[in-house]
Amino acid sequence: MKLEEALEKYFGFKKFLPGQAEVIQAVLTRPHVLGVLPTGGGKSLCFQLPGLLLPGLTLVISPLVALMKDQVDGLHARSLYQATYLNSQLPWREYRERLRRLKEGAYKLVYLAPERLRSRAFLEAIRHRPVSLVAVGEAHCVSQWGHDFRPDYLWISRFCRWLPGRPKLLALTATATPAVQEDILAKLEMENPYRVVASSNRPNLFFSVQPVSREGDKLAALQKMLAGERGCGIIYTGTRRDCEFLAKWLRRELRLPVLHYHAGMSPQERTAAQERFAAGEVPLIVATNAFGMGINKEDIRFVIHYTLPGSLEAYYQEVGRAGRDGRPAWSLLLYAPRDRGLQEFLIRQETVTENDARRLSAYIENRRQGDRAILKLEDMAGLDLEETKLRFLLSEMEQRGLIRSVERTPEAIGVLITGTFRREHWQAIARQSQRLAEEKRKKLAVMVDYAAKRQCRRETILRYFGEEKPGPAGPCCDVCQGI
DNA sequence: CGGGGTAGCTATACAGCTACCCCGGTGCCGTATT
């Protein structure tokens, strides 16, 4: 069957979008494929179609449980019932039933979060199913989150090695600088990959930066920008408190209907806000960086940053949510130089020290019974380690062969102690954390440069993404327009 | 690092200032059956 026939048979489309056919052809014929395709370029199809055509199972690694459900619902709507997902949102019985059906070979496509790859029950179920393809969606998460926040992203490669047959690997993302691309390839252990890298340029987006010195100036600038704007938009803030404050202010002072969204809200509140925004019921949402992944809203006309983000790629990802319909859309960064302090704080906060590593080692030794230890999350609160730090430390210890995480419950982590904790390990872990912090500081400096210098914004962004600025095609940015 | 809130002082204004404290982003994750 030709690819176009399969496309029409399964999805009802007559033609591929640019880049799709190339990626799919590569996935079918080569072991490792990296696809950097712009937002709205139909990335899902790049693993869904091969998933249906390849003989074995396709595992789709997805960062958010909400995304899995949407995608699988979409496939079911096309009568593609060989697709499912596994995550902690499922009722126990349903989860067990799906594992059983997985073992029986009922599925072709299974969506999961990287953390699932460490579940014993899952590993047991998958062990005897031939896996043809492991597709990593939103693959920039490997680089962005894998090093510390969600270390299980770094275990995808080990999982692939553990599988009896070596599966194909496909990594897909909309935004990845050359450095991030290399990081993804290295962490997923993808060798001699076939690359499909489309331009990151979004001609219909207008970029602007407004320097402000005081908080009050931000509000004045916002008021000015929002006056007369009738389209949908997102305003990103750096903190939850600002998010709530700003939403209230917009409601009260500007009498605008506004939603807000951050990770401190209940799951129900978050879903409700997201759905109301997506449905166009309320045109404006104020959010932290928790908001946006998997938002398919086409008609977002503007994205405003109330606070400086931590990196240019994070910024461009957020801005890139505007104008998916191809019609003109604008972005504005309100730049107060002191906002850099927040990002610096966040970097410092998650950097672990030798002493942090020593304290955790001591705790594990303390809990040791034979070669095992049960680490209680409640006790570990007394160690004065941030949750992110703790995860990072455990992951680093595991990578150094000191422990193996064998079992997890919401209250505890069971570990097998496989090495001897020594000072050199603590030092090495602290050094690794320092290196990561340095990387983040460099990225922050690039972001600050973008905001502070009067250089063509589009050119600055595209150069960072390893591209030349294309010729003029409509309004570009505040600098080019002389604003 | 910086913003915002508050206590406490001054000393006669019902406000203004300083010193001090606290706070600050992102998300997955188990079980048992056979």
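We name chains A, B, ... by the order of the sequence lines, and we start the count at 1 in each one. Computation of the quantities below employed the complete heavy-atom set of this structure, encompassing side-chain atoms and omitting hydrogens, waters and symmetry-equivalent molecules.
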Report the residue (A/L64 or A/Y95) whose heavy-atom-nearest nucleotide on DNA chain B is the more 5′ of the two.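 The answer here is A/L64.
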If you assign A/E407 and A/N289 each to the DNA chain B nucleotide with the nearest heavy atom, which residue ends up on the more 5' nucleotide?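 It is A/N289 whose nearest nucleotide is closer to the 5' end.
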Report yes or no: does A/R368 contribute a side-chain atom to a donor-acceptor pair with the main-chain N or O of A/G370 at less than 3.5 Å?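 Indeed, once roles are kept as given, a pair shorter than 3.5 Å links the two residues.
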Listed nucleotide nearest any side-chain atom of [X], set [options]:
{"X": "A/S88", "options": "B/dC29, B/dA32, B/dG27", "value": "B/dC29"}
{"X": "A/V65", "options": "B/dG27, B/dC28, B/dG25", "value": "B/dC28"}
{"X": "A/E115", "options": "B/dC29, B/dG24, B/dT26", "value": "B/dC29"}
{"X": "A/L346", "options": "B/dT26, B/dG25, B/dG30", "value": "B/dG25"}
{"X": "A/N87", "options": "B/dC29, B/dA32, B/dT26", "value": "B/dC29"}

Dump the pairs, protein N or O against N or O of nucleotides 1-3 of chain B, anything under 3.5 Å, distances to one decimal.
residue, atom, partner, partner atom, Å
B/dG3, OP1, A/R338, NE, 2.9
B/dG3, OP1, A/R338, NH1, 2.6

Rounded to the Å, how far apart are [X] [atom1] and [N] [atom2]?
{"X": "A/E386", "N": "B/dC23", "atom1": "CD", "atom2": "C1'", "result": "12 Å"}
{"X": "A/E94", "N": "B/dA32", "atom1": "CD", "atom2": "C1'", "result": "16 Å"}
{"X": "A/E244", "N": "B/dG25", "atom1": "CD", "atom2": "P", "result": "10 Å"}
{"X": "A/L390", "N": "B/dC28", "atom1": "CG", "atom2": "P", "result": "19 Å"}
{"X": "A/L67", "N": "B/dT26", "atom1": "CG", "atom2": "C1'", "result": "14 Å"}
{"X": "A/L123", "N": "B/dC29", "atom1": "CG", "atom2": "P", "result": "14 Å"}
{"X": "A/H305", "N": "B/dG25", "atom1": "NE2", "atom2": "C1'", "result": "13 Å"}
{"X": "A/R240", "N": "B/dC23", "atom1": "CZ", "atom2": "P", "result": "13 Å"}

Just checking A/E104: does its CD atom have more than 12 heavy atoms from other residues, nucleotides or ligands closer to it than 6.0 angstrom?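 Check passes, neighbour count above 12.
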In the strands shown, is [N] matched to any nucleotide by a Watson-Crick or G-U wobble pair with both distances under 3.5 Å, and which?
{"N": "B/dA11", "value": "none"}
{"N": "B/dA19", "value": "B/dT6"}
{"N": "B/dG24", "value": "B/dC1"}
{"N": "B/dT33", "value": "none"}

On the six-membered ring of A/Y306, is A/K218 placed so that its NZ or CZ lies under 6.0 angstrom from the centre and within 45° of the ring axis?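 Judged by the rule (NZ or CZ under 6.0 Å from the ring centre, within 45° of its axis), A/K218 counts as positioned above A/Y306.
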Any cation-pi pair here, A/R98 with A/Y85, using under 6.0 Å and within 45°?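 Yes - A/R98 lies over the ring of A/Y85, closer than 6.0 Å to its centre and within 45° of its axis.
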What integer number of Å spans the [atom1] atoms of [N] and [M]?
{"N": "B/dC21", "M": "B/dG25", "atom1": "C1'", "value": "22 Å"}
{"N": "B/dT26", "M": "B/dG30", "atom1": "C1'", "value": "23 Å"}
{"N": "B/dC29", "M": "B/dG24", "atom1": "P", "value": "26 Å"}
{"N": "B/dA11", "M": "B/dT18", "atom1": "C1'", "value": "16 Å"}
{"N": "B/dA32", "M": "B/dG27", "atom1": "P", "value": "29 Å"}

N or O in side chain of [X] less than 4.0 angstrom from [N] OP1/OP2:
{"X": "A/T288", "N": "B/dT26", "answer": "yes"}
{"X": "A/R391", "N": "B/dG27", "answer": "no"}
{"X": "A/S119", "N": "B/dG30", "answer": "yes"}

Base, sugar-phosphate alone, or nothing: which one does [X] contact when heavy atoms must sit under 4.0 Å apart?
{"X": "A/G238", "answer": "sugar-phosphate"}
{"X": "A/E97", "answer": "nothing"}
{"X": "A/R116", "answer": "sugar-phosphate"}
{"X": "A/E350", "answer": "base"}
{"X": "A/P114", "answer": "nothing"}
{"X": "A/R120", "answer": "nothing"}

Can you list, in residue-number order, the parts of residues 140-156 of chain A that come under 4.0 Å of DNA chain B, counting heavy atoms only?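 Those residues are A/W145, A/F149, A/R150.
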Of A/E350, A/R348, A/E344, A/Q349, the residue whose pairing with A/L346 passes side-chain contact (heavy atoms from CB on, under 4.5 Å):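 Going through the options one by one, the only one that passes is A/Q349.
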ring-ring contact (aromatic ring centres under 6.0 Å, His included) between A/Y464 and A/Y450: does it pass, once the steps are laid out? CA-CA 10 Å; A/Y464 189 55; A/Y450 170 89; 9.7 Å; no
Which is it for A/H262 and A/T288 under the side chain to side chain donor-acceptor pair (under 3.5 Å) test, yes or no, and what are the steps along the way? CA-CA 5 Å; A/H262 60 69; A/T288 61; 5.8 Å; no
So how far is it from A/Q223 CD to A/L250 CG, rounded to the nearest 0.5 Å?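 Spacing of CD (A/Q223) from CG (A/L250) equals 9.5 Å.
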Distance flag, aromatic centroids of A/Y261 and A/F277, threshold under 6.0 Å: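 Judged by ring-centre distance (under 6.0 Å), A/F277 and A/Y261 do not meet the cut-off.
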Ring geometry between A/F149 and A/W145 (parallel below 30°, tilted from 30 to 60°, perpendicular above 60°):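 Answer is perpendicular, since the angle exceeds 60°.
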What is the minimum heavy-atom distance between A/I364 and A/A373, and which atoms define it?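 Looking at all heavy atoms of both residues, the shortest contact is O-CB, 3.9 Å.
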Chi angles and distances behind the side chain to side chain donor-acceptor pair (under 3.5 Å) call for A/Q317, A/H140: CA-CA 10 Å; A/Q317 239 162 44; A/H140 56 276; 3.3 Å; yes
